[in-house]
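Taking it in order: structure first as structure tokens, then the write-up.
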Amino acid sequence: MPFNGKSGKFNAAIRTVEIGTGDKAVKLGGENVLPFYTFDAPIENAPKVGVMITDLSLEEMENEAAGIKEYYAGATSFAELAKKAEAMPGADFVVLRLEGADPNGRDKSVEDCVAVAKEVGDAITAPLVIEGCKNVEKDAELFAKVAEALQGKNVLILSAREENYKGVAAAAGLAYGQKVGAESAVDINLAKQLNVLIGQLGVDQANVVMNVGSAAAGYGFEYVVSTMDRIKAAALSQNDAQLQMPIITPVAEEAWGVKEAMASEADMPEWGSQEERGIDMEVETAAAVLASGSNAVILKHPTSVATISTLIKELV
Amino acid sequence: MALKGLDIFKLTPKTNCKECGSPTCMAFSMKVAQGAVDITKCPHMSEDALATLSEATAPPMKTIKVGSGDAECTLGGETVLFRHEKTFVSRPRYAVSVSCCEADMDAKFEAAKLVDYDRIGERMHVEMLYLNYCGQCDAAGYAEFVKKAAETGRVLVLGCTDVDVAKAALDVCKDAKPILDGANAGNYEAMSKLATEAGVVLGVSGADINELYDTVAAIEKLGNKNLVINVGTASIKDAFANTVQIRRAALKNTDRTFGYPTIVNVGRLAAGNGALQAALASLFTVKYGSIIVMENMNYAQALPLYGLRQNVFTDPQKPMKVEPGIYPLNGGDENSVCLTTVDFALTYFVVSGELERSGVPCNLVISDAGGLSVLTAWAAGKLSSTSVSKYIIENVEPKVKSRKLIIPGKVAVLKGDIEAKLPGWEVIVAPNEAVQLVKFLKDMQANGEI
């Protein structure tokens, strides 16, 4: 008697959201099964991999891991940097993180940041995702101007949060026709609430992507797994339209910021290569968020991008 | 599992003899159905009835024990597919594979011992060795190799489909309760006999999921239910599909034929690609692997992997706690400023990470707060001016000369009380969020305050 595997296909599906334009536009979501459960039904759109650069990449390339420095060697402008990011094997889209805007950091002006975003946007044909500096007031100001400057490019603005969603979602989603990222802090109820609020502004839910928060592997990752598990369960088995947005997870900034990736070889000789530790932290965190339900991950090291895109190709 | 009282009642003698302690057979049956009493309390149940009932009330996934002494591991026994439904009970175990004719096997055995550290009270190391039989060495050669591997004290998994060779190997290591991963559709009868006689767990392989299912069913028919299932190495896609379908069949569709732990050989699925093996190990840790075999295990791969496992396999009802104590950071010494927070592991990791980023030498003082986060601990009375001051006086004052204490911004209200209870100390309130600590400390350092 052969094995009688019951299909775990659902009647509901994750919404499909397209970012970018032209041939290289990517579709996120669309599946009606749990992550990588291709044996239940084909996965509509394979998860996607984004490559992160920042507005500080040029000045601070010195501090990056050797593999990253080497890959971007010779790039002297943001346009060149972005072109290299776009060409990285395994990359589906480019992410520009405007971390220099942080008032507690470099406090770059909105005009400077918009200029960088424009330069990057004009240089590439791959879809573009814009991340802010995490300061809610500055981000609100920044995103409105960036969304305006990049009109027609169908970029994803990452992200609107509970504190600033009105300004960000209205500018990106209503005024300038971009895609809106809704960011919440690892909690299904907060995620849903923000989606509802953004919907009430009049933003079409087909233009919303969620960032439900993340952590590096080992740093409270159980909350990430359970939040994503529960969101996918609600979206698929209970057909909860307010949670059917695809999920994008920035992995690079979490993974490269923990002790395992930052401790120098002099401090921790038994741990071995620091670069390898960063890569494995990035790769393992990314694999775990994809297994839990992310439709896209944001990475930065070329080896991580190649590895995760191979993993996705093998599984879908 | 969902057996009704009436179904059980039909199998009782219906004599109301009261010997079980219940007034009637019906009352007894109801209690058994609720799980309040064990079916064996009734002395008059027939063997057949007992067999039927224990089958029906058996857990959906078997708990399999391997290894002996300190190395003993428990596999399987899961009852849910998602950790938020209840809890996962048996964490996956990591193995490193070695082949019998590898030239530098001693070096590999040593390398498998490299990763060994403690993280929040849990020992992190490679618990198992997967010992490949190459197919060419003779039985004595493989047995010699197995004997050498046994000296590492790790649980052994014998990857060997040759019955005679496996027998020779079991002769030298069966007391340590290894796993014999060698049964397939062609040899399962002999292998199962061998494993049963040696009293070890048998690993079952198959060309595809149907052959796996049939082979497991056939071995169960022989009376052997001490099994693990090898999900195969045909492709990453198949291995993942098998692993998920096996677990789902057992737990969701209560198909007990697949109610066994699994072995996933990611070393073979991604031979030579350490980063991809790391990604796969992470994938199978989240999704249903029980034994995960890698080619190597270095610290780069291990640190995130063991952390991930510890996160996912903690009981959601029990918070992870770090040991109370003084943790010097960035070369902090007795003259460095003290900061205090709670013993909730997540808080500790986030705060200590930010403190390390600041580069400012300091002492992080952790006192017992019941493993709760700052605000929860404060609300529950576990983090109070008394608890902080008492800990400082008893444990910190004898060791640290600095008299500056930084408290979490979220419990700024405690400042006055702590100052009153800690004469000679200057109490400083930190920002609300850990991420703001970097600038906060750097500014203090720049201003010469610390």
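No experiment lies behind these values; they were computed from the predicted model shown.
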B:Phe284, part contacting chain A, at a heavy-atom distance under 4.5 Å: neither
Contacting moiety of B:Glu356, where chain A heavy atoms sit under 4.5 Å: side chain
A:Glu64 to A:Lys300 - nearest heavy-atom pair and separation: OE1-NZ, 3.1 Å
B:Thr285 versus chain A, the contacting section by heavy-atom distance below 4.5 Å: neither
Pairs of heavy atoms under 4.5 Å with chain A: top-ranked of B:Arg357, B:Gln310, B:Arg119: B:Arg119
Close aromatic pair by centroid cut-off 6.0 Å: A:Phe39 and A:Tyr37: yes
B:Asp116 and B:Arg123 ion-paired at < 4.0 Å: yes
Heavy-atom closest contact (B:Asp238 atom, B:Ala234 atom, distance): OD2-CB, 3.8 Å
B:Gln301 side chain to B:Gly274 backbone, donor-acceptor under 3.5 Å: yes
Plane angle bin for B:Phe88 and B:Phe313 - parallel if under 30°, tilted between 30 and 60°, otherwise perpendicular: tilted
Top of A:Asp40, A:Val258, A:Thr310 for chain B proximity - count of heavy-atom pairs under 4.5 angstrom: A:Asp40
Heavy-atom proximity to chain A below 4.5 Å, by part of B:Arg248: side chain
Top contributor to chain A contacts, counting heavy-atom pairs under 4.5 Å, from B:Ala302, B:Gly353, B:Ser282: B:Ser282
Part of B:Leu308 within contact of chain A (heavy atom distance under 4.5 Å): both
Residue among A:Ala291, A:Ser273, A:Ser292 with most heavy-atom pairs under 4.5 Å to chain B: A:Ala291
Short side-chain to backbone donor-acceptor contact, B:Gln277 and B:Ala270, under 3.5 Å: yes
Chain A contact via B:Phe258 - which portion, at a heavy-atom distance below 4.5 Å: side chain
Chain A contact via B:Phe344 - which portion, at a heavy-atom distance below 4.5 Å: side chain
